[in-house]
2 protein chains.
Amino acid sequence: MTDVTPTRADPPRRGRPPKAQAQLSRAAIRDAALQVIDDEGSGGLTMRSVSRVLGVDAKSLYHHVAGKDDLLDAVAEHVLEQLRIPAPTGSIEADLRALAHEFRRVTLAHPEAATLVLTRQLSSSGGLAPVEALLTVLHSAGATPEDAVHLLRTLLATLIGTLLREVSAGPLFGTSDPDEIARRRHTLENSGLPQVASAAPHLARYDRDREFDYTLDLIIDLVNARLGPRK
Amino acid sequence: MTDVTPTRADPPRRGRPPKAQAQLSRAAIRDAALQVIDDEGSGGLTMRSVSRVLGVDAKSLYHHVAGKDDLLDAVAEHVLEQLRIPAPTGSIEADLRALAHEFRRVTLAHPEAATLVLTRQLSSSGGLAPVEALLTVLHSAGATPEDAVHLLRTLLATLIGTLLREVSAGPLFGTSDPDEIARRRHTLENSGLPQVASAAPHLARYDRDREFDYTLDLIIDLVNARLGPRK
DNA sequence: ACCTGAACACCGTTCAAGT
DNA sequence: ACCTGAACACCGTTCAAGT
């Protein structure tokens with residue numbers, strides 16, 4: 001907020017007025033885009049809103065990104081690249097768990113960008129590293145390459161479906177707010193659908209951490225069931 | 001396409017010229033919107049493109065839908081309402097399988113609308129009927145209401161994740177086109193990632209029907225493993 | 001009750017022109 | 001090499017006015 005007194009001599013400033021933005025670049029644009037999404041939601045992301053953050057004309061962005069679609073790809077890729085593969089522990093179960101939690105951490109770090117990241121095809125090499133990590137764990141669990149790929153796809157589908165639910169928070173899937181739980185429970189109990197009514201207390205409540213771990217337990221059991229017998 | 005000779009007298013037509021659209025209604029607007037999505041993709045859906053189909057001014061739509069968002073909800077809801085709950089067979093496994101395939105049939109009937117349907121929270125009572133059906137199967141399999149809800153959530157997450165993959169067709173997830181398989185296989189083999197490289201033939205290929213059934217097998221095993229022991 | 005003209009405040013993107 | 005003025009062909013939505 002306040003000016004900083006430099007401890008060293010500044011580089012010569014010439015006549016150039018102190019622009020808001022020193023140098024436009026693909027990375028700077030991508031970071032600005034992520035900031036807009038964090039602040040205003042993905043609906044607020046426009047070429048113009050990004051350019052406003054950078055103090056630049058919207059059309060200037062086209063020198064560094066091919067268009068809005070390319071920009072979205074860059075953001076999704078960058079978010080996913082924050083994923084740090086956990087060091088293998090030797091326990092297949094612990095490794096899968098750590099990888100899943102890391103995937104969750106990264107995607108939920110920017111909740112407003114999560115749908116983008118989870119929905120957009122993980123095209124580049126950024127999306128390949130986690131795949132390699134997952135395949136490595138499944139391989140060391142004794143899976144053939146073919147089984148490993150099938151399991152990988154099922155595991156990812158479940159993770160993506162679960163994380164999408166966490167960020168979209170549909171009314172069908174419960175909440176954490178006590179008042180809202182009571183309201184929804186009441187609605188569900190009066191739905192006229194017997195199973196929905198008797199499960200209403202559980203349908204109305206959603207604890208994100210617990211629910212994620214429950215699903216994680218299930219799919220780890222699933223991997224064990226497939227791969228355990230052949231060891 | 002051709003005029004039909006009425007067998008009964010038409011209602012008096014007065015001076016009203018034969019407009020393209022007899023009567024505007026929420027249902028007609030929703031159907032037109034789905035048609036636009038089918039024809040041009042969800043990106044082509046605008047209030048103006050919908051109104052064009054109906055031969056009407058875009059602003060007229062606002063007398064029947066609250067706005068674009070409301071219209072999207074109406075479309076998603078309508079697609080999901082095509083789901084016909086299969087009659088229970090007595091076999092838990094067969095019932096789950098039939099329900100999953102019906103869910104897939106309905107969402108993939110309009111591929112361009114699928115992301116909308118799968119992503120948008122199934123808010124209204126239209127989304128509640130399949131939930132009731134799933135809970136019924138899980139209940140008859142001996143699940144407590146609490147377990148049934150957890151299993152329901154995991155099953156839906158996996159189905160949604162799998163179906164989203166089918167329609168988005170990310171390059172990381174293989175294809176059915178032989179030439180493209182060869183190309184991707186080559187890329188993956190040269191990725192420098194050992195597990196990705198050795199699984200390349202399987203990563204490059206994606207047979208949608210087989211893959212769906214494989215995942216379905218897995219999650220049915222999962223339900224059996226959870227619920228079987230307690231019977 | 002239903003539809004629309006005029007209007008507002010936006011979009012993404014191109015292209016020729018400037019430095 | 002990078003940026004922008006002018007411009008194009010769009011958006012969703014409001015509101016007062018018409019029938």
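Lettering of chains follows the sequences in order, A, B, ..., and the numbering in each one begins at 1. Keep in mind that the numbers below use all heavy atoms, side chains included, and drop hydrogens, waters and symmetry copies.
Salt bridge A:Arg30/A:Asp73: absent, no basic N to carboxylate O contact under 4.0 Å. A salt bridge between B:Arg84 and B:Glu102 is absent, with no side-chain N of the basic residue lying under 4.0 Å from a carboxylate O of the acidic one. Checked for salt-bridge contact, B:Glu211 and B:Arg208 miss the test: no charged N lies under 4.0 Å from a carboxylate O. Salt-bridge formation is not detected for the pair B:Asp179/B:Arg184: no Lys NZ or Arg NE/NH1/NH2 atom is positioned less than 4.0 Å from an Asp or Glu carboxylate oxygen.
Annotation: A:Arg104, atom CZ; neighbour count of heavy atoms from other residues, nucleotides and ligands within 6.0 Å is above 12.
To the nearest 0.5 Å, atoms CG (A:Asp207) and CZ (A:Phe212) are separated by 13.0 Å.
Judged as a side chain to side chain donor-acceptor pair (under 3.5 Å), and not counting sequence neighbours, A:Thr136 has no contacts.
Protein atom CG of A:Leu54 is 11 Å distant from nucleotide atom P of D:dT4, rounded to whole Å.
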*Dot-bracket for DNA chain C, 5' to 3', with Watson-Crick and G-U pairs under 3.5 Å, [ ] for crossing pairs and | for other-strand pairs: what is it?*
||.|||||...|||||.||
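A close approach under 4.0 Å does occur between a side-chain nitrogen or oxygen of A:Ser60 and OP1 or OP2 of D:dT4.
Comparing the P positions of D:dA9 and C:dA9 gives a spacing of 22 Å, expressed to the nearest Å.
Screening A:Val75, A:Leu116, A:Asp38 for a side-chain contact (heavy atoms from CB on, under 4.5 Å) involving A:His110 leaves a single residue, A:Asp38.
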*asked:* Strictly under 4.0 angstrom, non-hydrogen atoms only: write out the protein contact profile of nucleotides 5-19 of chain C, one letter per nucleotide from the 5' end, B, S or -.
replied: BB----BBBB-----
